[in-house]
Amino acid sequence: MALSPTNDAALLQEVDEAVRKDRLDTIMQRYGRWIIGAVLAGLLAFGGYLYWSHRQDVARGENAEVLLGALDKAAAGTKDLKQLEDGKAPAYRAAAMMQQANMKAGTGDLKGAAALMAKVAADTGVDKTLRDLALIRQTAFEFDTLKPETVIARMKPMVDAKDPASSWFASAAELSAIAHYQLGQYDQAGALYGRIAKLPDATKTLQSRSVQMAGMLGVDAVADRAADSVAAEKKGAAEAAGVEKNAAQAAGDQKGAAPKAAAAGNTEEAR
């Protein structure tokens with residue numbers, strides 16, 4: 001007796017399920033241990049990463065507490081700072097070494113202070129901004145023992161940086177300007193002092209000193225700053241006028257919309 005089409009479909013489905021089960025059993029028999037091992041290894045690796053990340057966070061917190069405690073104790077904190085200096089966290093290591101350098105400079109040990117700053121400046125694991133600051137401080141400590149050409153060469157990358165400009169341009173430019181002055185390169189020194197004087201975020205003391213030096217070297221930094229101020233005021237006035245114009249236009253649109261709404265309402269009432 002022939003099977004109906006419905007029975008044929010059911011039989012084919014049972015055959016397919018049996019084949020798939022047989023293939024799955026074969027795969028598990030051959031590779032089951034490897035598959036289970038890979039899954040367990042993945043879980044262990046993920047767990048290890050989570051533990052490592054947690055330990056990193058704990059270590060950073062401990063380093064921060066040590067650094068703050070050492071800074072609070074100032075000179076008495078040398079031992080704690082030494083602990084951070086020997087640690088593996090680059091940022092805290094650099095901060096500890098720079099603080100120790102400042103402490104050495106305070107006692108007159110400029111050579112030891114410069115050596116510590118040099119270590120920070122050469123540490124590629126530290127952020128470039130921090131390394132630039134360390135290089136400036138190192139150069140300031142060593143300034144009297146360096147040739148002017150060496151100072152100019154060290155500061156050149158920060159002085160010439162355009163986009164983005166160096167965070168420490170003002171300090172680097174002043175050291176470089178002094179070196180140019182010592183070499184008798186008064187035009188270069190005056191130009192650098194003029195650039196410093198025009199910085200909007202420079203300290204008043206540095207701006208005043210730069211304006212005086214620039215003027216002495218033939219650069220009218222006062223006039224330049226005045227021109228910049230006038231230009232900034234004009235720009236601000238233009239922007240303010242634009243805001244007022246937009247506000248007035250918006251107010252006019254609202255006034256024009258009110259009569260239209262009222263007229264529409266009257267029309268509806270008339271209907």
Chemist: Looking only at heavy atoms, which two atoms of A134 and A121 are closest? And how far apart?
Modeler: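 Scanning both residues, the minimum pair turns out to be CB-N, 3.8 Å.
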Chemist: So, D127 versus T129: side-chain donor-acceptor pair below 3.5 Å or not?
Modeler: yes
Chemist: Could you walk me through whether R137 and N102 satisfy the side-chain contact (heavy atoms from CB on, under 4.5 Å) test, starting with their C-alpha distance in whole Å, then the side-chain angles of each, then the deciding distance to 0.1 Å, before giving a yes or no?
Modeler: CA-CA 9 Å; R137 297 290 292 162; N102 291 332; 3.1 Å; yes
Chemist: With the 4.5 Å side-chain cut-off for hydrophobic clustering, are M216 and L192 part of the same group?
Modeler: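 Yes, M216 connects to L192 through the hydrophobic network.
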Chemist: Indicate yes or no: does E149 engage R154 in a salt bridge with an N to O separation below 4.0 Å.
Modeler: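 Salt bridge between E149 and R154, a charged N being under 4.0 Å from a carboxylate O: no.
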Chemist: Quick check on the hydrophobic clustering: are V120 and L135 connected, directly or via other members, by side-chain heavy-atom contacts under 4.5 Å?
Modeler: yes
Chemist: Measure the CG-CE distance between D160 and M155 for me, rounded to the nearest 0.5 Å.
Modeler: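 Reported to 0.5 Å precision, the distance equals 12.0 Å.
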Chemist: Strictly below 4.0 Å, N to O, side chains only: are E142 and K111 in salt-bridge contact?
Modeler: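 Salt bridge flag = no for K111 with E142.
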Chemist: Report the C-alpha distance between Q188 and H180 in whole Å, list the side-chain angles of each, state the deciding distance to 0.1 Å, and finish with yes or no for side chain to side chain donor-acceptor pair (under 3.5 Å).
Modeler: CA-CA 6 Å; Q188 292 92 324; H180 280 297; 4.9 Å; no
Chemist: Strictly by ring pair (Phe, Tyr, Trp, His ring centres under 6.0 Å), give each pair with a member in residues 128-168 just once, sequence neighbours left out.
Modeler: none
Chemist: Do M98 and V126 sit in the same hydrophobic cluster, where Ile, Leu, Val, Met, Phe, Trp and Tyr count as joined when their side-chain heavy atoms come under 4.5 Å apart?
Modeler: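 Yes; tracing contacts between hydrophobic side chains, which count when under 4.5 Å, links both residues.
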Chemist: To the nearest 0.5 Å, tell me how far K128 NZ sits from S167 OG.
Modeler: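 Answer for the NZ-OG pair, K128 versus S167, is 9.0 Å.
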Chemist: For residues A197 and V211, report the shortest heavy-atom separation together with the two atoms involved.
Modeler: CB-CG2, 3.6 Å
Chemist: Do other residues, nucleotides or ligands put more than 12 heavy atoms under 6.0 Å from the OH atom of Y181?
Modeler: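 Count not over threshold, so no.
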Chemist: To the closest 0.5 Å, what do you measure between OG (S210) and NZ (K198)?
Modeler: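 Here the interatomic distance stands at 13.0 Å.
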Chemist: One thing to verify: whether R131 and D123 come together as a salt bridge, which I'm taking to mean a side-chain N less than 4.0 angstrom from a carboxylate O.
Modeler: no
Chemist: State, to 0.1 Å, how close V219 and A191 come at their nearest heavy-atom pair, and which atoms those are.
Modeler: CG2-N, 4.2 Å
Chemist: Roughly how far apart are Q207 CD and D201 CG, rounded to 0.5 Å?
Modeler: 8.5 Å
Chemist: Quick one: does any side-chain atom of S208 pair with a main-chain N or O of T205 as donor and acceptor, under 3.5 Å?
Modeler: no
Chemist: Any chance you could measure R195, atom CZ, to S176, atom OG, to the nearest 0.5 Å?
Modeler: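 Going from the CZ atom of R195 to the OG atom of S176 covers 9.5 Å.
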Chemist: What about M158 and M117, same hydrophobic cluster or not, with Ile/Leu/Val/Met/Phe/Trp/Tyr joined at side-chain heavy-atom distances under 4.5 Å?
Modeler: yes
Chemist: How long is the gap from CG on L217 to CD on Q212, to the nearest 0.5 Å?
Modeler: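 Answer rounded to 0.5 Å: 12.0 Å.
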Chemist: Tell me the closest heavy-atom pair linking A189 and A177, and the distance in Å.
Modeler: CB-O, 3.4 Å
Chemist: Please report the shortest heavy-atom distance between V159 and F169, naming the atom on each side.
Modeler: O-CE1, 3.6 Å
Chemist: Tell me whether L183 is reachable from Y193 by hopping between hydrophobic residues (I, L, V, M, F, W, Y) whose side-chain heavy atoms are closer than 4.5 Å.
Modeler: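 In one cluster: no.
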